[in-house]
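The structure under discussion appears below in the form of structure tokens.
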Amino acid sequence: MEVSARNSLKGTIKEIHPGAVNSEVILEIVPGVEITAIITKESVEHLQLQEGKQAIAVIKASDVIIGTE
């Protein structure tokens with residue numbers, strides 16, 4: 001896989017929470033470190049995503065905002 005985004009993290013799909021239109025996919029990068037993505041239900045089916053399968057989180061963002069209370 002070749003993409004222009006410089007930030008890609010390999011991991012294992014820990015959970016998939018399907019919805020009517022979108023699904024929440026939780027990818028475990030290393031034990032205790034997870035990334036959650038909201039993608040279309042159609043994409044989950046097209047990519048044949050399932051728990052335990054290896055996947056890559058590709059992150060393309062110009063800004064990261066951090067806040068505190």
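Residues: numbered from 1 along the sequence shown.
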Fill in: Cluster link Val25 to Ile38, ILVMFWY, side chain under 4.5 Å
no
Practice prompt. Check whether Val21 and Leu49 end up in the same hydrophobic cluster, where Ile, Leu, Val, Met, Phe, Trp and Tyr are linked by side-chain heavy atoms less than 4.5 Å apart.
Written response: no
Discussion item. Can you give me the closest heavy-atom contact between Gly11 and Leu27, atom names plus distance?
Written reply: C-CD1, 3.5 Å
Discussion item. Taking the basic N atoms (NZ, or NE/NH1/NH2) and the acidic carboxylate oxygens, is any pair closer than 4.0 Å for Lys14 and Glu51?
Written reply: no
Discussion item. Using a 6.0 Å cut-off, check whether atom NZ of Lys10 has over 12 heavy atoms from anything other than its own residue.
Written reply: no
Practice prompt. Output the distance between atom CD1 (Ile29) and atom CD (Glu34), rounded to the nearest 0.5 Å.
Written response: 9.0 Å
Practice prompt. Report the C-alpha distance between Leu9 and Ile56 in whole Å, list the side-chain angles of each, state the deciding distance to 0.1 Å, and finish with yes or no for side-chain contact (heavy atoms from CB on, under 4.5 Å).
Written response: CA-CA 5 Å; Leu9 302 168; Ile56 301 169; over 6 Å; no
Item to complete: Treating Ile, Leu, Val, Met, Phe, Trp and Tyr as nodes and any side-chain heavy-atom pair under 4.5 angstrom as an edge, say whether Ile13 and Val33 lie in one connected cluster.
Response: yes
Worksheet item: Are Ile59 and Ile39 connected, step by step, through hydrophobic side chains (Ile, Leu, Val, Met, Phe, Trp, Tyr) whose heavy atoms are closer than 4.5 Å?
Response: yes
Discussion item. Working to the nearest 0.5 angstrom, can you tell me the gap between Thr36 OG1 and Ile26 CD1?
Written reply: 4.5 Å
Worksheet, complete the sentence: Nearest heavy-atom approach of Pro18 to Ser23 is CA-OG, 3.4 Å
Worksheet entry | Flag if over 12 foreign heavy atoms under 6.0 Å of CD, Glu24 | yes
Discussion item. Return the NZ to CD1 distance between Lys53 and Ile16, rounded to the nearest 0.5 Å.
Written reply: 9.0 Å
Worksheet item: Could you go step by step and tell me if Glu28 and Thr12 meet the side chain to side chain donor-acceptor pair (under 3.5 Å) rule?
Response: CA-CA 5 Å; Glu28 186 173 53; Thr12 303; over 6 Å; no
Item to complete: Test His17 against Glu15 for side chain to side chain donor-acceptor pair (under 3.5 Å), laying out the working first.
Response: CA-CA 7 Å; His17 301 281; Glu15 297 176 42; 2.7 Å; yes
Worksheet item: Should Val58 and Val44 be counted in the same cluster of Ile, Leu, Val, Met, Phe, Trp and Tyr side chains packed under 4.5 Å apart?
Response: no
